[in-house]
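Comments concern the structure below.
Both ligands and their constituent atoms are indexed starting at 1 by order of listing.
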Amino acid sequence: MRKQPMNSNTACVCLFNVCRSAPRAQCASRLFLLMAAAPLSPLYLGLDFSTQQLKVVAIDGDLSVVHQDAVQFDSELPHYRTRGGVHIHADKLTVTSPVLMWVQALDLLLDKMKRAGFDFSRVEALSGSGQQHGGVFWKKGAAQTLARLDPGQNLYQQLQDGFSVQDSPVWMDSSSSQQCRDLQKAAGGALRLAEITGSRAYERFTGNQISKLLQTRSDQFQDTERISLVSSFAASLFLGGYAAIDYSDGSGMNLLDIRARNWSQICLDATAPDLDRLLGAPLPSTAVLGSVSSYFVHRFGFSESCRVVAFTGDNPASLAGMRLHQGDMAVSLGTSDTVFLWLQEPRPALEGHVFCNPVELQAYMALLCFKNGSLTRERVRNQCAAGSWEAFSDALKETPLGNNGNIGFYFDTMEITPPAVGVHRFDSNDREVSQWSPEVEIRALVEGQFLSRRLHAERLGYSIVPGTRVLATGGASANQQILQVLSDVFNAPVYTIDLSDSTCLGSAYRALHGLVADSGVSFLEVVKKAPEPQLVCTPHPTAQQVYNQMLKRFAQLEERVLQRTEPTNESRS
Ligand code: ADP
Ligand code: XUL
C-alpha cells in the first residue's frame, strides 16, 4: 500500500481493530496503519479503442468501478466524417479509420476526465485494448516525437506528421484476398498456416494488410519506421515510445507462431522484407512495458510510477473481463453470436481463430464468429411465433430434445463459420425437406445453432469435461428456454453474466494483474472479488446421449450443405 502523509482527510485504521473509536493520540497499540481515505486509494485504468468509440473504466483495488467515460467517434469528432467509426471505400472492400481520430479521441477523453475531477495521480497502472487486426504505420522520425512530447500541447497537434499511412486498415477490411492466397501458398496451404499462426489467411489480419501496402503503396511502406496494432499504438502513446505487440493480439496477424510465441520466419518472409525490425519483438500480454511518459505526468498529473501494462485485442480483453476459467466457454448471443474458449492445447482449424491466452502464458483462447445469430432467431420468431419471444419459448418447451431427428441449418446471410448460405432442413433419415411445423422449425433453428457452436468449438480442441461451465451473455441470454437448449446441447451448466463493458473492465483487471504477474500470482486470484456468474440451467439427464449422436449426423449434413455453397472471396483453399 502507498504511504500517504497524514492530513485532515486521512483516516487511521488499526490493524487489530481495537482502537476504532479512540482518538489517534490515545491509540494504545500504536500499530495503526495510515490509510488514505477512499479518494486516495490506488486506481487501475482500462481503456478500449474500439471501432466506434474510445472508452475508459477506472476500478479500485476492490474491483469496484469508480469512473467511466467515452468518446464517440462519429458524433464527437464529426470532422473525420466516419460512420460507425470507419470509412468504407468505393470498392466496398477497403475499410479504414483515420489514425489521427484515435489520437484526438484520447486527447478528448483525458480532457473530459480532467474536467470531471478525475484524480490521475491515483492511477497505479493502466492497460487497454484495441479492435483487433487494425494496423498503425508510424512515419520515420515518429519515435523522437513520441519521446519529446510537450505537455503544453495536445497529442493531436504534435503527432500530425507522425504516420506514414493516415487511414489505418481495420478489421472490417476485406481487400487483401490476393495477399491471403500468396501467404497460404508460401506457408504450404491454409491448414499449415493455421497450424503456425492459429488461423488460415484472413483479409483483415494485419500481415496481409502490410503485404498489400508494400505492393500497392510502396512509398508509404518505405516511409514507415514501425508498425503497431491498434492496441500497441495506444500503449505507445502512453509510454512515449514504441510499445511491444503482445502475444494475444499478435496472434491476429497471420504472422506470429502461436506455439513458439515469436514471429514466424516463413510468414515474415512471405509478407515484407525486414519485417521483424518494423514490428519489434512481441511480449507476453501481462508484461509491464514501463511507466507513463513525463507528458502525462505534467499535463494530467499522473504519478511518475504509473505502470503501463501491455495492451491487447478487444476479444482477449473481453475474455479477461468475463474471467473465463480453464475449460470454460463463453457464448455471446448478440446481433451475431461469438464463442470464446479457454484452451490448454490448441488445434487450429480452417474455421475460427486460436490466439495466445491474454491472462495465462501457457494457455490459448479460441474465437469463433457466427453471423447468423439473433437476427435469424428474430426472423424465425416473426414467421413461426407471431413475433413473440414467449411463444418462441413455449415451442422450445413443447418439443422433445433432439427434435425427433430433424436437423436444420439457417444461414440467412453468408455465414462465417462455416462459409455457407441458405436454409437447409433434413428429416431423421437425412432426406431434405422443404418445411416443418412452426414448433419443429423453432427447435431446429436453436438446436442447429448450438450444435454448430459445439462442432466448431470441438474442432479447435475444446472438449466438455466435468466442471465445464458455459457462460452466456448478450441479448438472447435473457431467454431461459434458449439457454436450456444451450445447456442440453453442450451437456454443461449454463451461467449468465451481466457485462456491458467486458473489454474495458478486462483491461482494468489486466492492469492490476500486470503488477503482480511476475511474482506468479494468477489472474483469477487477482479478480476473485468480482461478482460471480449466476447458474440458470443444468442439462437434462438424457441430453448427453441425444446430442452426442446428433452431433455426428450434424457434421455430415454440414458437409453436404457446404458442398452446395459457392466459395467466398475469403480464401478457404
Ligand atoms: P449487440 O450484439 O448489438 O450488442 P445485444 O447483445 O444487445 O446486441 O443483443 C440484441 C439481440 O438480443 C436482439 O437482436 C434480440 O434478438 C435478442 N433478444 C433480446 N431479448 C430476447 C429474448 N427474450 N429472447 C431471445 N432473444 C432476445
Ligand atoms: C475479431 C474481429 C473483431 C474485432 C473488432 O477477429 O475481427 O471482433 O476485434 O471487435
### Query
Any donor-acceptor pair under 3.5 Å linking the side chain of S127 with the backbone of V309?
yes
### Chi angles and distances behind the side-chain hydrogen bond (donor to acceptor under 3.5 Å, both in side chains) call for S176, N208
CA-CA 6 Å; S176 64; N208 306 309; 5.1 Å; no
### Message
Given 3.5 Å as the limit, does a donor-acceptor pair link the side chain of W138 with the main chain of F233, or not?
### Response
no
#### Entry: Y242/L289 under side chain to side chain contact (heavy atoms under 4.5 Å, CB included): CA gap, chis, key distance, verdict
CA-CA 10 Å; Y242 293 138; L289 302 178; over 6 Å; no
### Task
Tell me the residues surrounding ligand 2, counting only those with a heavy atom closer than 4.0 angstrom, sorted by chain and number.
Q132, H133, W171, R204, D314, N315, L367
### Carboxylate-amine/guanidinium proximity below 4.0 Å for E195 and R259
no
Distance dump, ligand 1 polar atoms to protein, N/O, under 3.5 Å:
from     : atom 1 : to   : atom 2 : distance (Å)
ligand 1 : 2 (O)  : T335 : N      : 2.9
ligand 1 : 2 (O)  : T335 : OG1    : 3.2
ligand 1 : 3 (O)  : T335 : OG1    : 2.7
ligand 1 : 6 (O)  : G475 : N      : 2.9
ligand 1 : 9 (O)  : G475 : N      : 3.2
ligand 1 : 14 (O) : E378 : OE2    : 2.5
ligand 1 : 16 (O) : E378 : OE2    : 2.5
ligand 1 : 24 (N) : N479 : ND2    : 3.1

### Task
Step through it carefully: locate the ring centre of F205, locate the ring centre of H353, and say whether they are under 6.0 Å apart.
yes
### Query
Between Q132 and N315, do the side chains contain an N or O donor and an N or O acceptor separated by less than 3.5 Å?
yes
### Query
Salt bridge or not for R83 and D74, using N-O below 4.0 Å?
no
### Task
Step by step, work out the side chain to side chain contact (heavy atoms under 4.5 Å, CB included) result for Q209 and N254.
CA-CA 10 Å; Q209 294 295 332; N254 277 145; over 6 Å; no
